[in-house]
Each structure stands twice: as C-alpha cells, then as structure tokens.
Asker: 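First, the structure itself, so that you have it in front of you.
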Amino acid sequence: MELSQLFIKEAITLNLTTQDKDSTLRYLAERFAEVGGVSNVEAYVDKLAAREAQSTTGVGDEIAIPHAQDASVKQAAIVFARAEQGIEWASFDGQPAKLIFMIAAPEGGGEHLQALAKLSGILMDPAAKAALLEASTADEVIEVIARFEQTKAEEAAGSNSVADTPEAPVKSSEPYILAVTACPTGIAHTYMAEEKLNQAAKQAGYRIKVETNGQTGVGNRLTAQDIEQATAIIVAADKQVEMARFDGKPVIVTKVADGINKAAELVERAAKVDAKIYRANQEDLAGSQNASDENESLGRKFYKHMMNGVSHMLPFVVAGGILIAFSFFWGINSANPADPTYNQVAHVLKTLGDLSFAMMLPVLAGFIGQSLADRPGLVIGFMGGVFANPGVLAGFNAAGIFDNTVASGFLGALVAGFLAGGIVWLLRKGFSWLPKSLEGMKPIFLYPVFGVLIMGLLMFFVINSPMGAVMTGLENLLNSVPRELSLLLGFLAAAMMSIDMGGPLNKAAYVTGTALVTAADGAGSDVMAAVMIGGMVPPLAIAISATINKKLWAPEQRNSALVNYVMGAAFITEGAIPFAAVNPLKVIPSLAIGSGVAGALSMLFGSVSYVPHGGLFAVLAGGVTNPVMYIVAWLAGGFVGALLLNALLKDNK
C-alpha cells in the first residue's frame, strides 16, 4: 500500500491546540476512534505512552512520529496533526514538534514499520516539510505526501544506486562513499540518517550508497564490490553492526544523530579520506578504536558493553525469579524433599526457576563478550560465565579437581565478559600469520577451542579466587553494617532506582542487588529487597498523586497515571518516566525521597528478598520475608512521594 493511502483525511487536524505530548497523543487517538479506526482508545493511548517511555519519537527538525500497535486497531493508518506553536516532545535536537504523524497498526502487523521508514525518508526533504507547513486543507496534505512519495520512488530507481547502473562503473578518480545507519529501535532515525547522507552527497556531487540496519532487517546491503571500490565508509550507528567486512578501509564511526545533523561534514570527510584505517581484529574488540573524536568516551563504551549483557540477562532473571517465588506458595522450604512442607509442584517450579537462574551468568558474560568481539566473543564469554557459576565450581571441588576453589559469581561473570574481548583480540593477533586459505578455520575452530581453554585456565586459577573474595567481603561488609547505617544503605539503594529510572544509576543499584541475591545461595538479600521496593515506588507515587489531587493533573495525564498502580506493583519503574519528563527538577527528587523512605523502612522491618524481580507478585508468593510490613513500606514510600509531588507541583495547575 502507498504511504499516502494510509493517511485518514477525516482525522487530519491543521490547527492543533493541545498543550503537551500526553494530551496530544490522547487527542490523536480520539480522532482516530471518531472515524472508526480504533475501538479501545485507553488501551491504544497506553501503548503510545509505553512507546514514548522507551525513547522519544520526537525525531527532530520539528517532527514527531508517535507509533504503536494494539489489538483494537482495525487497520494500519496515519493520523496527521499540525501545531503552529509546536509541542514539547523531548526531541533529540530540542525543538518542539509542529508536524505530528501518529502511526497505528493492528497487533502483530509490520505495516507501521514500513510506514515509518517511508515517512522518515520523505520528511527529511526540506521541500516536503515546507509544503506540509503551508498546506491549508487535508487534501493538500495527502497530495504533498503522494507527490514526494513518487519523487522518492523515482530517485530510488535512479542514479543513486551503483548496482542499478552497471553501464556506469565507479571511476577510481571519483569519490565513492558508503554508509551504514542504525539506531537502537531501527526505525525513524535509521532512515532519516540515510536520507540526510544521500542529500548531502547529491549536493556535493559524490556517489553514495547507504545501508540501513532497520527493524525490518538490512536494507540496500553493501556488497563486496561496493566495499572494494569505496573511497571511505561512514558508520552512523548507535548499536552493533557488521564491521569485519570493512577491514583495511578508511572508516568514520559516529552516532546516528550525527548522520542526521552533520551529514554534509561526514560526507566531505569521507570524500577527502579523513578517516583512519579500520582493522577488524581490533575494531570488533574495542568498538571502533580507530574512530575520530566524535566517538563515545571509554566510560560510555564500558557501560554500553555491560548493558548488552545485562539486557539479555534480565529475561532469565525475571523468569527464574517469578518461578521461584511461585514455589514459595507452599512454604519457603516446600521444594526440599526432606522438609515436612515438601510439595512436588513447588519442587518442579523451584527447579525450573533455578535452571533459569543458572543461565543468568553465562548470558551476562556471553553478550558482553559478543558486544566487544562479535560471535567469537559470545562463546568464550558464555563459558566464562559458566566457569564463574558456584554450581560448576562445587562439582569440581567435589571431584577433587580444583580443591576449595571459590566461585566468583556475578562479579566473575562481569570480568569474564570483558576478558572474552581481550582473549579474542589476542587470538586474532596470534593467528594473524595463517594464510588466507585457512581463514575459515579461525571462527569455527581456533578461536572457540583456544578461547575456551584460555578462559577456563584464567577463571579457575586467576579470576575466581580474588573476585570470589571481593564478593564475600562485600557480603560480610553489608552484613556487619549497624542497624542505624543499614537504614541509610536502604535509603540510598532505593533512591538510586528512581533518580534516572532505567539509566546508569538505576542499573547500578539493580545489578548490585542481583549480585547479592545470587551470591546468597538461597539466603536472600535485604539490599535486593530495598532495591526492588525502590523501583516499585515511583509509579505508585504518580498514581496516588493523581488520585488524591485530581485537579493537579490534566485529565489525560490523570487517566494514564492510574495505570501506574499496576506498573508499580509489577516493579516496572519506567511507568513514571513520562511524568518525570514533564518537570524533572520537581518530580524526580520527590520520587527519589519516596523510594528512599520505602527502602529504609524495608531495612528497618528486616525484609529479605529471595528473588531479584517480580514486585508485588513475588511478595505475595512468599519471595520476600515480612510481606505485610514490606507492602506497608511500599505504600508509605508511595504516599511520601505523592505528597511531595503535590506540594511541589501545586503552582503548575
């Protein structure tokens, strides 16, 4: 289907009067419902808000493209609105959104992704944007989209693609630029960067081919011939892309936002070969060490590699934690055949949960290794996580192979993930002398065999003991903290969960709590209990605030806020993000104090969490000791945060 046919003419608004993002999303959804496009406005608005919580759909240049799927959407459609003054959308360039395109699709449909890709490309044409700003009727809006859609289709079939013009091979004296664009969600920014780079190259008179690593897959893939003929290559990406193919070529590595905002500069640098030579055996390891000053800092790289492991680990943590918590319904020891409360169902649930937990450390280390060194790093890191697992070490000790070896657990798995990158780098150096004819042996034979061997020796004889000692020392230190200071510890751990809600501080607190609960070998952790309750308070505080002072919040905000009762109970801290973004200087401190109070009370009541996730569901299942007082602490923190919110925001009515 053509993009212009997705626009609902009857729902187009050219004089939008809403004041903020939330009210705009609700207005667009209601307009869509008026023409019969969606049957459940509330459900669809919740989906739109959840998408905004992941990352803003304000793509910059005064454009926003909110989008979501929902079962109540009858067919894919685009609802367009124009705001003369603009609406604050937290766009990456800081500009308010004047042109807003809401893309709706039925659940499971991919139409909205295709529409996003097409629309993003069209909107990067300044003439298209200008025409939409000047359109005076809904028919004119659709005509503009249809006209520029046709123009883009003709350009795609024209001279931009070398593959389509074999009669005009690239001359060695002419610059031929390649580019790869990719953003974390693989939707709007990926294709906007593609369009901007194409425009910049066309204006400068250079030939260019841009590969997109989008949500629907790789588009316009670069061929071996393209790479061989290329003058230089631009990689504008915020996620991992296939890099080894560029070995020996000049490569500029930068952010996808620079592909949009600095396209002309990047194209000129590529044409002048203002880039260092890419070496795959180092670049795959270090995340573009040869890039220019535009690269991320070392700390940012470390965080990104670590979060690649943590994000893949979390589903195993959630699955294992919830299953183990369910096993506690029959008693805390009901999975133990020797206990009077033994129950076979509890035994099965506990076993399944433990097996899921057992995958946590290998997955953490493996995907850190993959982020650093691609596929070879995955298997070596994965095995490093296995070698850090207490259960594996217990088996070796029982067999007398490595007597009294200490398991390093979570910290050891973190080290193993980064160590995997170093091992791959060494192996690539060590086997660089092999002839090209044996190149295929490296990733499937030499790297895995020697990598796992080196990782095992290092973990058993170098890493496990000191990291295990550090982990044991941390546990002992926390256990020796006086009751008065433990309250402060609980306050800080819980407050960290709500300061950046999904950011580095939040993840640091969560990772620490998870490390402690996994190292406790079934004994649970009071720090984990404080961490979890700290993440449960922000959504609850938002919901209570909207309940006790209805006039403080706009109707659309109040309705969305009530969903946070469920999000808080489920330990989904991110539910509070859209509300914190409205006034972060007032909202975030209120939420942090509320979380801190809850964490301190959790410590005071002696609550211990046996699982690192699950929220209220884990509490009710028996996954947290003193469940009644734990819930009291959660509610108290929510009310403290809500009262502070209402006191600080009363002037904003």
Side-chain angles (χ1 to χ4, degrees), residues 3 59-63 93 116-133 144-183 188-214 218-223 225-237 246 249-275 294:
L3 183 64
V59 296
D61 205 23
E62 301 180 319
I63 297 166
D93 63 355
L116 270 168
K118 281 187 177 182
L119 188 60
S120 299
I122 289 174
L123 295 177
M124 285 298 93
D125 188 331
K129 177 187 171 184
L132 288 170
L133 287 172
V144 167
I145 295 296
R147 173 158 43 95
F148 282 92
E149 184 178 16
Q150 179 63 30
T151 300
K152 293 299 297 179
E154 293 173 355
E155 289 179 354
S159 61
N160 246 6
S161 173
V162 176
D164 292 340
T165 55
E167 71 281 359
V170 178
K171 298 179 181 179
S172 59
S173 59
E174 297 177 354
Y176 177 42
I177 302 167
L178 302 183
V180 180
T181 63
C183 63
H189 295 140
T190 298
Y191 301 100
M192 293 172 74
E194 173 198 25
E195 183 64 23
K196 282 292 188 180
L197 289 167
N198 277 326
Q199 288 179 10
K202 182 177 181 180
Q203 291 173 2
Y206 303 137
R207 303 193 70 180
I208 190 171
K209 181 176 181 180
V210 184
E211 173 186 294
T212 54
N213 283 222
V218 176
N220 205 27
R221 183 182 289 276
L222 304 179
T223 66
Q225 182 179 3
D226 289 327
I227 296 169
E228 181 181 354
Q229 295 178 338
T231 305
I233 300 156
I234 302 167
V235 177
F246 303 141
K249 301 295 292 189
V251 178
I252 301 169
V253 181
T254 188
K255 305 185 291 290
V256 69
D258 288 345
I260 300 172
N261 299 322
K262 300 180 181 179
E265 176 185 333
L266 292 174
V267 165
E268 283 301 323
R269 286 185 55 197
K272 296 175 181 177
V273 198
D274 180 13
E294 295 169 328

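Predicted model, so just to flag it, every value in this text is computed and none were measured.
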Asker: With rounding to the nearest 0.5 angstrom, report the OG1 to CD distance, T212 to E194.
Answerer: 5.0 Å
Asker: So which heavy atom on I252 is nearest to which on A275, and how close?
Answerer: CG1-CB, 3.5 Å
Asker: What heavy-atom pair brings A131 and R147 nearest, and what distance separates the two atoms?
Answerer: CB-NH2, 4.5 Å
Asker: How close do A270 and A232 get, counting heavy atoms only, and between which atoms?
Answerer: O-CB, 3.4 Å
Asker: Does D274 offer a backbone N or O that forms a donor-acceptor pair with the side chain of R269 under 3.5 Å?
Answerer: yes
Asker: Checking I145 against L132 for the side chain to side chain contact (heavy atoms under 4.5 Å, CB included) test, could you report, in this order, the C-alpha distance in whole Å, the side-chain angles of both residues, the deciding distance, and whether it holds?
Answerer: CA-CA 8 Å; I145 295 296; L132 288 170; 4.3 Å; yes
Asker: For residues L197 and I208, report the shortest heavy-atom separation together with the two atoms involved.
Answerer: O-CD1, 3.8 Å
Asker: Write down the atom of V256, the atom of A182, and the distance for their closest heavy-atom approach.
Answerer: CB-O, 3.6 Å
Asker: Run the side chain to side chain contact (heavy atoms under 4.5 Å, CB included) test on F148 and L123 for me, step by step, so that the C-alpha distance in whole Å, both residues' side-chain angles and the decisive distance to 0.1 Å come before the verdict.
Answerer: CA-CA 9 Å; F148 282 92; L123 295 177; over 6 Å; no
Asker: Which residues pass the salt bridge (Lys or Arg N to Asp or Glu O under 4.0 Å) test with E268, not counting sequence neighbours?
Answerer: none
Asker: Taking I63's backbone N and O only, do any of them form a donor-acceptor pair with K129's side chain (distance below 3.5 Å, no angle check)?
Answerer: no
Asker: Is the backbone of L3 close enough, under 3.5 Å, to the side chain of E149 for a donor and an acceptor to pair up by distance?
Answerer: yes
Asker: Q225: what forms a side chain to side chain contact (heavy atoms under 4.5 Å, CB included) with it, not counting sequence neighbours?
Answerer: T223, Q229
Asker: Verify, without hydrogens or angle tests, whether T231 (side chain) and I177 (backbone) share a donor-acceptor contact under 3.5 angstrom.
Answerer: no
Asker: Enter the distance from R207:CZ to K202:NZ here, rounded to the nearest 0.5 Å.
Answerer: 13.5 Å
Asker: Between NZ of K196 and CG of D258, what distance do you get to the nearest 0.5 Å?
Answerer: 13.5 Å
Asker: Sequence neighbours left out, what passes salt bridge (Lys or Arg N to Asp or Glu O under 4.0 Å) with D125? Give chain and number order.
Answerer: none
Asker: Excluding sequence neighbours, so at least two apart, what forms side chain to side chain contact (heavy atoms under 4.5 Å, CB included) with E211?
Answerer: V180, N213, V218, R221, L222, R245
Asker: Looking at residues at least two apart in the chain, or sitting in another chain, which of them share a side-chain hydrogen bond (donor to acceptor under 3.5 Å, both in side chains) with Q150?
Answerer: E154
Asker: Residues two or more places apart in sequence or in another chain: which of them pass salt bridge (Lys or Arg N to Asp or Glu O under 4.0 Å) with K249?
Answerer: none
Asker: What are the two closest non-hydrogen atoms of V267 and A200, and how far apart are they?
Answerer: CG2-CB, 3.9 Å
